[in-house]
Amino acid sequence: EAQVTQNPRYLITVTGKKLTVTCSQNMNHEYMSWYRQDPGLGLRQIYYSMNVEVTDKGDVPEGYKVSRKEKRNFPLILESPSPNQTSLYFCASSSSVGLDQPQHFGDGTRLSIL
Amino acid sequence: EDQVTQSPEALRLQEGESSSLNCSYTVSGLRGLFWYRQDPGKGPEFLFTLYSAGEEKEKERLKATLTKKESFLHITAPKPEDSATYLCAVAGSGTSYGKLTFGQGTILTVHP
């Protein structure tokens, strides 16, 4: 089954404790991306990657890091999480780097930073 | 900078009562306009892609249309299972290449 898998689905942690949210896709897609979703603000793009070792900032990259060492994986790293990063996070992938094909989304990771 | 505005923020319909959701956009060189459906606790699920003004696509009770400034998602004779948040997003070219900009969504509730 074609899917985007995120882990963990839920995480409660404390300020400053480094964490990584993993994302993996099994569709051999070139493009992967991370979004956060907040009430009233909608989905906002954090980082995206058009290929292995190629990453670019989205609209809200501050406080986040990403890496793309393999085509299928695109982890999101919060090196020193803060309460304002409490949010619902989605990973997505697409067969088209130009995004003229739709993105497929994971089921989300709900992060709470205390 | 690409911008997407969806209206209304929330829409309550009776079962069978047809209506439309609006997505107004500004983008540098439209590569695609996307409609997604999102159920509570789930990731967005792809519905349609529209590429150029005048294009229309249909799926069951949903029909999406596109002009140079806006897109409409028409819902004909909705059922309670159509209740969800509907998201619109645009992908542009130039400095927007590779970025996807979403609207805030319309929360649709269909009452039996």
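Because the structure is predicted, anything quoted here is derived from the model rather than measured. The sequence lines fix the lettering, A, B, ..., with proteins before strands; numbering per chain opens at 1.
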Looking at [X], I want to see if its [atom1] is surrounded by more than 12 non-hydrogen atoms of other residues, nucleotides or ligands under 6.0 Å.
{"X": "B/E9", "atom1": "CD", "value": "no"}
{"X": "B/R12", "atom1": "CZ", "value": "no"}
{"X": "B/K42", "atom1": "NZ", "value": "no"}
{"X": "A/Q3", "atom1": "CD", "value": "yes"}
{"X": "B/K57", "atom1": "NZ", "value": "yes"}
{"X": "A/I12", "atom1": "CD1", "value": "no"}

Can you see which heavy atom on [X] is nearest to which on [Y], and at what distance?
{"X": "A/P102", "Y": "B/F46", "result": "CB-CD1, 3.2 Å"}
{"X": "A/F90", "Y": "B/G43", "result": "CE2-CA, 3.3 Å"}
{"X": "B/K99", "Y": "A/Q45", "result": "CA-OE1, 3.3 Å"}

Check each atom of A/L41 against the heavy atoms of chain B and say whether the ones under 4.5 Å are side chain, backbone, both or neither.
backbone
With a 4.5 angstrom heavy-atom cut-off, which part of A/D107 approaches chain B: side chain, backbone, both or neither?
both
What residue, out of B/G105, B/G98, B/S93, B/G92, has the most heavy-atom pairs lying under 4.5 Å from chain A?
B/G98
Within one Ile-Leu-Val-Met-Phe-Trp-Tyr cluster: [X] and [Y], side-chain cutoff 4.5 Å:
{"X": "B/L47", "Y": "B/V110", "result": "yes"}
{"X": "A/L19", "Y": "A/W34", "result": "yes"}
{"X": "A/M32", "Y": "A/M50", "result": "no"}
{"X": "B/I107", "Y": "B/L11", "result": "no"}
{"X": "B/L50", "Y": "B/V4", "result": "yes"}

Measure distances from B/F48 to the heavy atoms of chain A and classify the residue's part below 4.5 Å as side chain, backbone, both or neither.
neither
Considering only heavy atoms, which portion of B/E45 lies under 4.5 Å from any heavy atom of chain A: side chain, backbone, both, or neither?
neither
Contact winner vs chain B - A/Q101, A/Q6, A/R110, heavy-atom pairs under 4.5 Å:
A/Q101
Against chain B, work out which of A/R44, A/Q37, A/H104 has the most heavy-atom pairs shorter than 4.5 Å and name it.
A/Q37
A side-chain contact here means heavy atoms from C-beta on lying under 4.5 Å apart; do B/P44 and A/L43 qualify?
yes
Pairwise distance CG(B/L87) to CZ(A/F105) - rounded to 0.5 angstrom:
8.0 Å
Gap separating the CG atom of A/D59 from the OG1 atom of B/T101, nearest 0.5 angstrom
5.5 Å
Backbone of A/G40 reached by a side-chain donor or acceptor of B/Q104 within 3.5 Å
yes
For residues 29-36 of chain B, give me every residue with a non-hydrogen atom less than 4.5 Å from any non-hydrogen atom of chain A.
B/R31, B/F34, B/Y36
